[in-house]
Amino acid sequence: MIFSTLEHILTHISFSIVSIVITLHLITLLGNEIIKPYDSSEKGMIATFLCLTGLLTTRWIYSGHFPLSDLYESFIFLSWSFSLIHIVPYFKIRKNDLTTITASSTIFTQGFATSGLLNEIRKPTILVPALQSEWLIMHVSMMILSYAALLCGSLLSVALLVITFRNLFYSSKSNNLVKLNASFSFGEIQYKNERNNILKKNSVFSDKNYYKAQFIKQLDFWSYRVISLGFVFLTIGILSGAVWANEAWGSYWSWDPKETWAFITWIVFAIYLHTRTNKNLQGANSAVVATLGFLIIWICYFGVNLLGIGLHSYGSFTLTFR
């Protein structure tokens with residue numbers, strides 16, 4: 001009873017803290033010159049990480065097994081993984097460009113876990129025989145960590161595409177306006193317009209384009225690094241799962257829906273990493289592949305659980321609305 005109450009308290013405290021962190025980020029974006037709550041938001045994510053660590057530890061103690069046996073526990077672990085990805089670069093370089101991505105992902109997964117949709121599977125139960133193995137920690141933790149890293153990296157690629165296509169849209173729109181003005185300009189008026197356009201491009205607009213280009217490069221850099229880390233975790237998770245499957249079911253691979261979609265996820269991000277080897281395909285081209293991977297991950301992690309079929313059906317659930 002004590003552990004259950006403690007789990008309930010830690011769950012809602014972590015959700016409340018990360019909600020405040022998101023609010024602080026919005027304040028930063030809207031009123032950056034008036035107030036700079038960056039350090040407070042970073043401390044908030046650290047507090048969230050500690051609360052989620054305490055939550056997982058508490059559930060581990062009173063359930064008697066590592067808290068990765070069902071969808072509820074995996075969502076909590078996914079939230080913990082997002083917060084971990086957030087604080088690691090913060091302690092290394094004291095500046096974190098992943099803040100908005102990781103904080104938003106944490107509040108989304110934590111909010112879903114604490115909602116009433118997963119009430120039926122929130123109470124800890126005895127593990128099914130297939131899960132009573134030392135491979136549970138190795139396989140499932142690697143898979144969830146890979147999902148967290150790949151989702152963060154994919155969201156960075158999505159942001160890269162949004163900014164890139166937005167720049168293309170506005171640049172094409174401005175070029176059309178220049179052509180329209182040129183068609184109605186004659187003599188000295190046309191000369192003045194051309195001179196003004198050159199001055200503008202060499203001053204304010206050139207600075208904005210420079211900083212946007214640098215920001216896009218940063219998004220591309222972090223996306224590649226985080227996805228590469230997630231791909232390593234995914235590979236380890238799939239290999240360890242194959243070994244575990246052979247021990248539990250007598251076969252390394254059974255083309256179970258979960259296994260099939262995990263393999264598709266691996267293929268998609270292998271293609272992404274392959275495109276990175278070609279300089280002509282880096283940037284927006286590889287980001288398109290990562291964006292596709294973002295959708296594939298959610299199908300593999302969450303969509304397959306809605307089916308409730310296959311050897312991994314113990315992770316399925318039914319949506320309940322109250």
Side-chain angles (χ1 to χ4, degrees), residues 52-53 56-57 59-61 63-82 84-85 88 109 121 124-154 225-274 289-290 293-317:
L52 291 174
T53 302
L56 290 172
T57 304
R59 191 171 179 89
W60 191 351
I61 292 173
S63 65
H65 59 78
F66 192 73
L68 276 175
S69 62
D70 54 43
L71 192 64
Y72 168 73
E73 293 175 348
S74 70
F75 259 102
I76 297 296
F77 193 86
L78 184 62
S79 300
W80 179 85
S81 301
F82 283 132
L84 177 63
I85 293 173
V88 168
T109 52
I121 59 175
T125 58
I126 300 175
L127 291 178
V128 298
L131 295 179
Q132 296 176 6
S133 171
E134 294 80 5
W135 287 103
L136 173 65
I137 300 178
M138 178 66 176
H139 169 63
V140 186
S141 62
M142 286 293 102
M143 293 301 294
I144 300 300
L145 283 171
S146 71
Y147 292 156
L150 292 174
L151 285 171
C152 286
S154 299
R225 293 299 186 274
V226 176
I227 288 178
S228 298
L229 178 64
F231 186 78
V232 173
F233 287 148
L234 180 63
T235 303
I236 296 174
I238 292 176
L239 292 177
S240 60
V243 176
W244 185 13
N246 185 58
E247 291 185 1
W249 301 317
S251 175
Y252 288 102
W253 197 266
S254 304
W255 292 108
D256 178 74
K258 199 79 169 182
E259 295 174 349
T260 303
W261 280 102
F263 179 68
I264 294 174
T265 304
W266 189 90
I267 290 296
V268 169
F269 284 101
I271 294 173
Y272 168 84
L273 294 177
H274 180 69
V289 181
F294 176 80
L295 301 175
I296 298 297
I297 293 171
W298 279 113
I299 295 175
C300 176
Y301 172 62
F302 187 72
V304 176
N305 292 90
L306 295 175
L307 300 177
I309 59 175
L311 298 173
H312 292 78
S313 59
Y314 47 78
S316 63
F317 76 105

Donor-acceptor pair, Glu259 side chain versus Trp253 backbone, under 3.5 Å?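 Not a single qualifying donor-acceptor pair exists.
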Roughly how far apart are [X] [atom1] and [Y] [atom2], rounded to 0.5 Å?
| X | Y | atom1 | atom2 | answer |
| --- | --- | --- | --- | --- |
| Leu52 | Ser79 | CG | OG | 6.0 Å |
| Met142 | Leu234 | CE | CG | 11.0 Å |
| Phe233 | Ser81 | CZ | OG | 9.0 Å |
| Ile296 | Ile264 | CD1 | CD1 | 6.5 Å |
| Trp80 | Leu56 | CH2 | CG | 7.5 Å |
| Ile76 | Leu71 | CD1 | CG | 10.5 Å |

Grab the two heavy atoms, one from [X] and one from [Y], that are nearest each other, plus how far apart they are.
| X | Y | answer |
| --- | --- | --- |
| Cys300 | Lys258 | O-NZ, 3.0 Å |
| Ala262 | Ile238 | O-CD1, 3.8 Å |
| Gly293 | Ser154 | C-OG, 4.5 Å |
| Pro257 | Val304 | CB-CG1, 3.9 Å |
| Val226 | Gly153 | CG1-N, 3.8 Å |
| Leu150 | Thr265 | CD1-CG2, 4.4 Å |

Derivation of the side chain to side chain contact (heavy atoms under 4.5 Å, CB included) call for Thr235 and Phe269: CA-CA 11 Å; Thr235 303; Phe269 284 101; over 6 Å; no
Applying side chain to side chain contact (heavy atoms under 4.5 Å, CB included), run through Ser141 and Leu68 and close with a yes or a no. CA-CA 8 Å; Ser141 62; Leu68 276 175; 4.0 Å; yes
Does the ring pair (Phe, Tyr, Trp, His ring centres under 6.0 Å) test come out yes or no for Phe231 and Trp266, once each step is laid out? CA-CA 7 Å; Phe231 186 78; Trp266 189 90; 5.2 Å; yes
Residue from Phe77, Trp261, Phe75, Phe294 passing ring pair (Phe, Tyr, Trp, His ring centres under 6.0 Å) with Tyr301: Phe75
Apply the test side chain to side chain donor-acceptor pair (under 3.5 Å) to residues Trp135 and Ser240: give CA-CA distance (whole Å), side-chain angles for both, the deciding distance (0.1 Å), then the verdict. CA-CA 7 Å; Trp135 287 103; Ser240 60; over 6 Å; no
